[in-house]
There are 2 protein chains.
Amino acid sequence: MGAAEDRSAADTQGTGPAQGHRRRRCCESGDGTRRGVGAGRGAFVEPALLAVLARSEGYGYDLVRAIEEATGGEVVPDTGGLYRLLRRLEEDGFVTSQWQEGGSGPQRRSYCITDDGRALLEHWIGHLEERRHALDVLIGAARSASQGTRETDAT
Amino acid sequence: MGAAEDRSAADTQGTGPAQGHRRRRCCESGDGTRRGVGAGRGAFVEPALLAVLARSEGYGYDLVRAIEEATGGEVVPDTGGLYRLLRRLEEDGFVTSQWQEGGSGPQRRSYCITDDGRALLEHWIGHLEERRHALDVLIGAARSASQGTRETDAT
DNA sequence: CCTAGCTAGATGTATAAGACATATATGTGA
DNA sequence: TCACATATATGTCTTATACATCTAGCTAGG
């Protein structure tokens, strides 16, 4: 079968939009919520977690609040994801953990960053700065394209 | 079974790292390549594509190069992903397309942004700016945590 | 003529981060 | 007893992207 030939819609003319089911678009998903990485928050939680742990040790449930606070509400990790992340970081030697002694209520597992973890945080900072640069460039390109000329210049 | 009780490693003491297979960490995957959204490039291609199309229409294979150029090499889309994205954008009415007339070589499908597409680009710009702000806050938190105090302040 | 290689479009599959739902256990207060 | 908050944990889905591969049209070399 012809490659580039079996498209049901859009044959040789512009197609009708054929809307209907509302797919994710930019920051919103079909129902208005922001899901997964679609909102562009990819790889935010790990550095935020390391940053918080670099200041003081803590246990999972509380780290969520600490991260939210430290980032001014910009990073609000999912609890489930945070526990999985902590496990992974521990398996790889970036944090250590132990059950907290005594205290009332459910047991708490307290996490503490290692030297490797601090090194990883430094690595993350450099990476995040690169990302910000890429974002700046992209925003600049998008803004100039949006405000600027249409169709091959026309000032 | 007890929740919080069946962890094979890390029982009441800090665990041994137990390295071995090298998992993705920060910007790198096990083999050093940058895969998926792990590198933090989530939702970069769609706005870049819209920005390029806002300047002039074009066909898929060439849009890859246009995007790379417009973003100073910061966004280099995967061709497969780009074609899928173009299809989705067309289905939702943000771009239209038609086969280019004549010319030698394989047929080209030329894409053109719609008014809805331009509106979406504006939406994207606002969103990217929010993301940059979040990134700034996160970098600030990470930097101060990395350089600053360990364990509950100690100036 | 046949093959290799480039352009162009398209699909298959894997990976990774995160969102949402839910399960389990412990403690407190009505 | 029941509802509720804390605390850890797992299941499953969505999404964006990366990498591999396929088909097809054309061109240049042998």
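Keep in mind it's a predicted model, so treat the numbers as computed, not measured.
Annotation: side-chain hydrogen bond (donor to acceptor under 3.5 Å, both in side chains) contacts of A:Y59 (sequence neighbours excluded): A:R108. Applying the side-chain hydrogen bond (donor to acceptor under 3.5 Å, both in side chains) rule to A:T79 yields no partners; only residues at least two apart in sequence or on another chain are considered. Applying the side chain to side chain contact (heavy atoms under 4.5 Å, CB included) rule to B:A51 yields the partners A:A142, A:A145, B:L121; only residues at least two apart in sequence or on another chain are considered. For the side-chain hydrogen bond (donor to acceptor under 3.5 Å, both in side chains) test, residues two or more places apart in sequence or in another chain that qualify with A:S146 are B:E122. Scored by the side-chain hydrogen bond (donor to acceptor under 3.5 Å, both in side chains) test, B:D62 finds B:R65 as partners (sequence neighbours excluded). Residues passing the side chain to side chain contact (heavy atoms under 4.5 Å, CB included) test with A:A141, sequence neighbours excluded: none.
Distance A:Q100 CD to D:dT8 C1': 13 Å, rounded to the nearest Å. In this structure, A:L89 atom CG and C:dA16 atom C1' are separated by 14 Å, rounded to whole Å. Remark: P of D:dA18 and CD of B:E68 are 12 Å apart, rounded to the nearest angstrom. In this structure, A:Y111 places its OH atom 14 Å from P of D:dA7, rounding to the nearest Å. In this structure, A:R108 atom CZ and D:dA9 atom P are separated by 14 Å, rounded to whole Å. The nearest whole Å value for the distance from the CD atom in A:E46 to the C1' atom in C:dA16 is 11 Å. Remark: C1' of D:dA24 and CH2 of B:W99 are 11 Å apart, rounded to the nearest angstrom. D:dT8 atom P lies 13 Å from atom CD of A:E90, rounded to whole Å.
Contact check of residues 124-143 of chain B against DNA chain C (heavy atom, cut-off under 4.0 Å) returns no residues at all. Proximity of residues 73-85 of chain B to DNA chain D (heavy atom under 4.0 angstrom from any strand atom) is restricted to B:D78, B:R84.
DNA chain D is contacted by both A:R65 and B:F44; A:R65 maps to the nucleotide lying nearer its 5′ end (nearest heavy atom per residue).
The list of salt bridge (Lys or Arg N to Asp or Glu O under 4.0 Å) pairs with a residue in residues 133-144 of chain A, not counting sequence neighbours, reads A:D136-B:R132, A:R143-B:E129. Applying the ring-ring contact (aromatic ring centres under 6.0 Å, His included) definition to pairs two or more places apart or across chains, those involving residues 112-136 of chain A are A:W124-A:H127. Sorted by first and then second residue, the salt bridge (Lys or Arg N to Asp or Glu O under 4.0 Å) pairs involving residues 71-84 of chain B (not counting sequence neighbours) form an empty list.
One finds no side-chain N or O of B:Y59 lying less than 4.0 angstrom from the OP1 or OP2 phosphate oxygen of C:dG9. For the pair A:R87 and D:dT10, the criterion of a side-chain N or O lying under 4.0 Å from OP1 or OP2 is met.
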Please list, for nucleotides 26-30 of chain C, all pairs of protein and nucleotide N/O atoms separated by less than 3.5 Å.
none

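Among the nucleotides D:dA7, D:dA16, D:dA9, the one closest to the side chain of B:R88 is D:dA16.
To the nearest 0.5 angstrom, A:I67 atom CD1 is 7.5 Å from A:L53 atom CG.
Nearest heavy atoms, A:A48 versus A:V75: CB-CG1, 4.1 Å. Closest approach of B:P47 and B:L128 over heavy atoms only: CB-CD1, 3.9 Å.
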